[in-house]
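These notes are about the structure you will find just below.
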Amino acid sequence: WELPEEELARVQELVIGREGIGFVTFHGETDCRGLLEVLPEIVLVEKGEIVVYPEPSTKPEAGQGLNKAASVVLYGCMPKAQSRLTDGRARNRYKQRVAQMTEEKGAIFEDYNPEDGTWKFRVHHF
């Protein structure tokens, strides 16, 4: 980070991700002072998932740290048997399944593109 301390304390719409895998945008203001050193331990960006605070004992209360409202975009989230998405009806059914799975995890489904597997959703907190 190459920002002055006072700017690090108030970063707007912080984005963390991996190219070709996906990213998470933490909404609002985030205090990033001291974050760089612990970032690999608290945000994991892997194929098909983003995990924030994988160790439950380190997770702050909702609304604190990175445990707050965020938008997530994941790339390449395709079914194991991609041949299942050969027609429009199958793609629609799979999109509905992704939406249902998103809601079951307590997130808000935004979109899923069955052509390239781009999945978008929001969370109130992690």
Side-chain angles (χ1 to χ4, degrees):
W1 318 79
E2 294 187 22
L3 294 173
E5 195 80 6
E6 62 273 4
E7 287 182 40
L8 273 176
R10 298 171 40 185
V11 174
Q12 294 292 326
E13 301 298 300
L14 175 66
V15 178
I16 298 171
R18 285 178 56 198
E19 193 170 330
I21 303 292
F23 61 91
V24 57
T25 302
F26 295 95
H27 298 302
E29 201 170 85
T30 302
D31 184 350
C32 293
R33 295 173 295 177
L35 188 61
L36 190 58
E37 296 79 26
V38 296
L39 200 56
E41 294 144 34
I42 60 175
V43 179
L44 304 177
V45 181
E46 303 293 337
K47 185 163 176 49
E49 71 175 351
I50 290 185
V51 180
V52 180
Y53 297 108
E55 182 56 51
S57 64
T58 65
K59 184 188 295 191
E61 288 184 37
Q64 302 297 311
L66 298 181
N67 191 16
K68 62 183 190 169
S71 294
V72 175
V73 176
L74 294 169
Y75 303 116
C77 298
M78 300 297 283
K80 287 181 181 29
Q82 291 184 21
S83 60
R84 293 185 355 199
L85 301 182
T86 54
D87 65 76
R89 282 174 28 124
R91 286 192 291 274
N92 236 10
R93 278 195 310 274
Y94 192 72
K95 182 175 181 174
Q96 289 174 341
R97 176 67 191 115
V98 171
Q100 178 184 353
M101 181 181 65
T102 305
E103 303 289 334
E104 286 171 359
K105 292 183 181 238
I108 300 133
F109 177 79
E110 287 190 341
D111 193 28
Y112 176 76
N113 181 339
E115 300 298 319
D116 64 7
T118 300
W119 178 21
K120 299 177 182 181
F121 59 93
R122 292 179 289 124
V123 296
H124 295 296
H125 61 83
F126 291 91

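- By the rule that hydrophobic residues join a cluster once side-chain heavy atoms approach within less than 4.5 Å of another member, Leu14 and Leu3 end up as members of one cluster.
- Every residue meeting the ring pair (Phe, Tyr, Trp, His ring centres under 6.0 Å) condition with Phe121, not counting sequence neighbours, appears here in chain and number order: Trp119.
- Taking Arg97 as the reference, nothing meets the side-chain hydrogen bond (donor to acceptor under 3.5 Å, both in side chains) condition, with sequence neighbours excluded.
- Linking ILVMFWY side-chain heavy atoms closer than 4.5 Å, directly or via other members, places Val73 and Tyr112 in two distinct hydrophobic clusters.
- The distance from the OG1 atom of Thr30 to the CG atom of Leu35 is 8.0 Å, given to the nearest 0.5 Å.
- Glu41 is linked by a salt bridge (Lys or Arg N to Asp or Glu O under 4.0 Å) to nothing, counting only residues two or more places apart in sequence or in another chain.
- Cluster membership for Ile108 and Leu66, using ILVMFWY side-chain heavy atoms within less than 4.5 angstrom, is not shared.
- Separation of atoms SG (Cys77) and NZ (Lys47) is listed at 6.5 Å; rounding is to 0.5 Å.
- Pairs of residues two or more places apart, or lying in two chains, never qualify as salt bridge (charged side-chain N to carboxylate O under 4.0 Å, His left out) while including a residue from residues 57-69.
- When the shell of 6.0 Å around CZ of Arg18 is examined, it contains more than 12 heavy atoms from other residues, nucleotides or ligands.
- Side-chain atoms of His27 and Ser71, non-hydrogen and from C-beta on, do get closer than 4.5 Å to each other.
- Heavy-atom contacts from other residues, nucleotides or ligands closer than 6.0 Å to CD of Glu6 number more than 12.
- A pairwise comparison of heavy atoms in Gly22 and Val45 identifies O-CG1, 3.7 Å as the closest pair.
- Between Tyr53 and Pro60, the closest heavy-atom pair is CZ-CD, 3.3 Å.
- Applying the side-chain hydrogen bond (donor to acceptor under 3.5 Å, both in side chains) test to Gln96 and every residue at least two apart in sequence or in another chain returns nothing.
- In this structure a side-chain-to-backbone donor-acceptor pair under 3.5 Å is missing from Lys95 to Pro114.
- For the salt bridge (Lys or Arg N to Asp or Glu O under 4.0 Å) test, residues two or more places apart in sequence or in another chain that qualify with Glu110 are Arg122.
- For the atom pair Leu44 CG and Ile21 CD1, the distance stands at 12.5 Å (nearest 0.5 Å).
- Residue Ala70 comes nearest to Val24 through the heavy atom pair CB-CG2, 3.7 Å, listed as atom of the first residue, atom of the second, then distance.
- Glu7 is linked by a salt bridge (Lys or Arg N to Asp or Glu O under 4.0 Å) to nothing, counting only residues two or more places apart in sequence or in another chain.
- Remark: His124 engages no residue in a side-chain hydrogen bond (donor to acceptor under 3.5 Å, both in side chains) (not counting sequence neighbours).
- With Tyr75 contributing its side chain and Asp116 its backbone, the two residues share no donor-acceptor pair below 3.5 Å.
- A continuous path of Ile, Leu, Val, Met, Phe, Trp and Tyr side chains, each step under 4.5 Å between heavy atoms, connects Leu8 with Val38, placing both in one hydrophobic cluster.
- In this structure Glu103 satisfies the side-chain contact (heavy atoms from CB on, under 4.5 Å) test together with Phe109, sequence neighbours excluded.
- Distance CG/Leu74 to CD1/Ile50: 5.0 Å, rounded to 0.5 Å.
- Every side-chain hydrogen bond (donor to acceptor under 3.5 Å, both in side chains) that Asp31 has, sequence neighbours left out, goes to Arg33.
- Leu39 and Val51 sit in two unconnected hydrophobic clusters of ILVMFWY residues. Membership requires side-chain heavy atoms under 4.5 Å apart, directly or through other members.
- Taking CZ of Phe26 as the start and CD1 of Ile16 as the end, the distance is 4.5 Å to the nearest 0.5 Å.
- By the ring pair (Phe, Tyr, Trp, His ring centres under 6.0 Å) test, Phe23 is found to be paired with no residue, residues two or more places apart in sequence or in another chain being considered.
- The heavy-atom pair separating Ala107 from Val123 by the smallest distance is CB-CG1, 3.9 Å.
- Glu115 is linked by a salt bridge (Lys or Arg N to Asp or Glu O under 4.0 Å) to Arg91, counting only residues two or more places apart in sequence or in another chain.
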